[in-house]
**Q** 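If you scroll down you'll find the structure; I have some questions about it.
Along the sequence shown, residues carry numbers from 1.
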Amino acid sequence: MSQRTLPLLIINLGGEMIYILDQRLRAQDDNDDKTQRGRWTDDDRKRVMSDIVATMFNKAFLEELLQPQDLYSHRALRTVLTRLAHASIMRLNQASMDKLYDLMTMAFKYQIVLCPRPQDLLLITFNHTDTIKELVKDNPSLVNQINEAQRQLIEVYTPLSDGDFELIRHTLLVLFQDMQIRVSIFLKEKIQNPNGHFVLQTSGPVPYGFEVPGLIRYFNAKGQEVRRTRFPSGGNYTSALHQGSFDLSGDRVTILGTNMYNTPSSQEMDPSTTSNSTRKQKQADTTPNPLATEELNLLAKLMGGMEVQKILNVDTGFKVNLLALDQEEEGIGISEGTAHESSRVINIQATQDQIASTELARIAGEFDEVGSLTEGPGNKGDDLLAMMDEL
């Protein structure tokens, strides 16, 4: 097990979480009646995104994260990511976070499985950080935070050998090997089977530095090539154009790790799509992917019917339940608290069962009113979580 896996895991899962939340917040802003007082606004979305990004790329948090350490369990990962999601005025209920975690992990698992080389895990991470920078480009302070995080990642990971990256990839695959959750985006694009396994294509560009399969070379005792024969490779392979940039900015070549919820088709997630022109087309097209939107509708209209009650000048928070509840079907998307409550509660839950995942419920029960863990100090990840409480 590699002790350099955790930073890549947290940053990539956090990036996928930001993609999902941003897409749903944008969709809510488009659907809201702008004439109604107290509605969800684009400024609220920007605040949520900025707060989450600021926490995720906080200097002290990253310094702790980049320390060599064992990989966290799924339970500890959910706790860390829940803290990230709750870094702003938004709150997710237990069932919502459970579903959100499933989407994040399956998206990242897909990227791990399809990455051509183990080193490309770093390119996938940079695609996440590049896209997040684009989301918060209006905030120079956050952009600088992300740039500094990328510099630290470059410093830590670029000296690693091929074997080190292979060990990181193996560690991640072991973590996700039992997760075979079906995602409608992948199922409709036929890149995931009904049993939850991903479909690996037998075509496309080979990894950078490798030759197209189908050629056998024969050498004599002196090491001289004497003849060649060819055989059918079983696929339509092409040579890699060039290596992706491992610098602070540049063409990453692969689009694995970019925001699939804002691309025309999830087929672009296939590593065979590597041209720079495709990347420019992706950046220019901000129309939400309908297939991705449909999957997110399992999160059930994240901000559906969100009415925000603002009391005087008090900056109120709101609780978001991502999944649809019976109330939503009846047109009721909001449960308003008493006059003294400062939170806005939006109940959107897709399950009829009011009791969410037992595991997440148990985790939530271990938090006190200020959000600190009540477990003993020996738990893996306690230092990281304690640091998040101080942010």
**Q** Do Leu6 and Leu77 make a side-chain contact, defined as non-hydrogen atoms from C-beta onward lying under 4.5 Å apart?
**A** yes

**Q** Do the side chains of Asp164 and Arg4 get close enough for a salt bridge, i.e. N-O under 4.0 angstrom?
**A** no

**Q** Using a 4.5 Å cut-off on heavy atoms from C-beta on, say whether the side chain of Asn58 contacts that of Thr55.
**A**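 Contact flag for Thr55/Asn58 side chains = no.
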
**Q** How about Pro7 and Val156: do any of their side-chain heavy atoms sit closer than 4.5 Å?
**A**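 Pro7 does not reach Val156 side chain to side chain.
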
**Q** Could you work out the complete set of other residues in the hydrophobic cluster of Phe231, with links drawn between I, L, V, M, F, W and Y side chains under 4.5 Å apart?
**A** Ile216, Tyr218, Val226

**Q** Lys190: what forms a salt bridge (Lys or Arg N to Asp or Glu O under 4.0 Å) with it, not counting sequence neighbours?
**A** none

**Q** Less than 4.5 Å apart, side chain to side chain, heavy atoms only: is that true for Phe198 and Ile191?
**A**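 A side-chain contact under 4.5 Å is absent here.
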
**Q** Is Met1 reachable from Phe165 through a run of I, L, V, M, F, W or Y residues, each pair having side-chain heavy atoms under 4.5 Å apart?
**A**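 Linked, Phe165 and Met1 end up in one cluster.
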
**Q** Could you list the residues that satisfy salt bridge (Lys or Arg N to Asp or Glu O under 4.0 Å) with Arg117, not counting sequence neighbours?
**A** Asp120

**Q** I'd like to know if Leu187 and Phe176 are part of one continuous hydrophobic network [Ile/Leu/Val/Met/Phe/Trp/Tyr, side-chain heavy atoms within less than 4.5 Å].
**A** no

**Q** Do Ser203 and Asn236 pair up side chain to side chain, a donor and an acceptor below 3.5 Å, judged on atom types alone?
**A**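 Side-chain D/A pair, Ser203 to Asn236: absent.
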
**Q** Taking C-beta and beyond as the side chain, do Leu92 and Thr82 meet within less than 4.5 Å on heavy atoms?
**A** no

**Q** Which residue, Asp247, Thr258, Asn127, Asp130, forms the side chain to side chain donor-acceptor pair (under 3.5 Å) with Arg252?
**A** Asp130

**Q** For the residue pair Gln192 / His197, report whether a side-chain donor-acceptor contact shorter than 3.5 Å exists.
**A**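 There is no such pair (donor and acceptor under 3.5 Å, judged by atom type) between the side chains of His197 and Gln192.
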
**Q** Answer whether the closest heavy-atom distance between the side chains of Thr105 and Lys109 falls below 4.5 Å.
**A** no

**Q** Salt bridge or not for Asp42 and Arg45, using N-O below 4.0 Å?
**A** yes

**Q** Can the ring centroids of Tyr19 and Tyr261 be said to lie less than 6.0 angstrom from one another?
**A**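 No, they do not, as the ring centres are separated by 6.0 Å or more.
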
**Q** Between Arg217 and Glu211, does the salt bridge (charged side-chain N to carboxylate O under 4.0 Å, His left out) criterion hold? Intermediate values first, please.
**A** CA-CA 12 Å; Arg217 293 185 177 90; Glu211 296 183 359; 3.0 Å; yes

**Q** Please check if the number of heavy atoms outside Gln177 that lie under 6.0 Å from its CD is greater than 12.
**A** yes

**Q** Ignoring hydrogens and angles, tell me if any N or O in the side chain of Asn12 forms a donor-acceptor pair with the backbone of Leu8 under 3.5 Å.
**A** yes

**Q** For Val143 and Val136, work out which heavy atoms get closest and say how close.
**A**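 That closest heavy-atom pairing would be CG2-O, 3.7 Å.
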
**Q** Side chains of Glu16 and Gln111: donor-acceptor distance under 3.5 Å anywhere?
**A**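 Yes, side-chain donor-acceptor contact under 3.5 Å.
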
**Q** Is it true that Gln150 and Lys133 share a donor-acceptor pair across their side chains at a distance under 3.5 Å?
**A** yes

**Q** Can you find a pair of side-chain heavy atoms, one from Cys115 and one from Ile124, that are under 4.5 Å apart?
**A**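 They are in contact (side-chain heavy atoms under 4.5 Å apart), so the answer is yes.
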
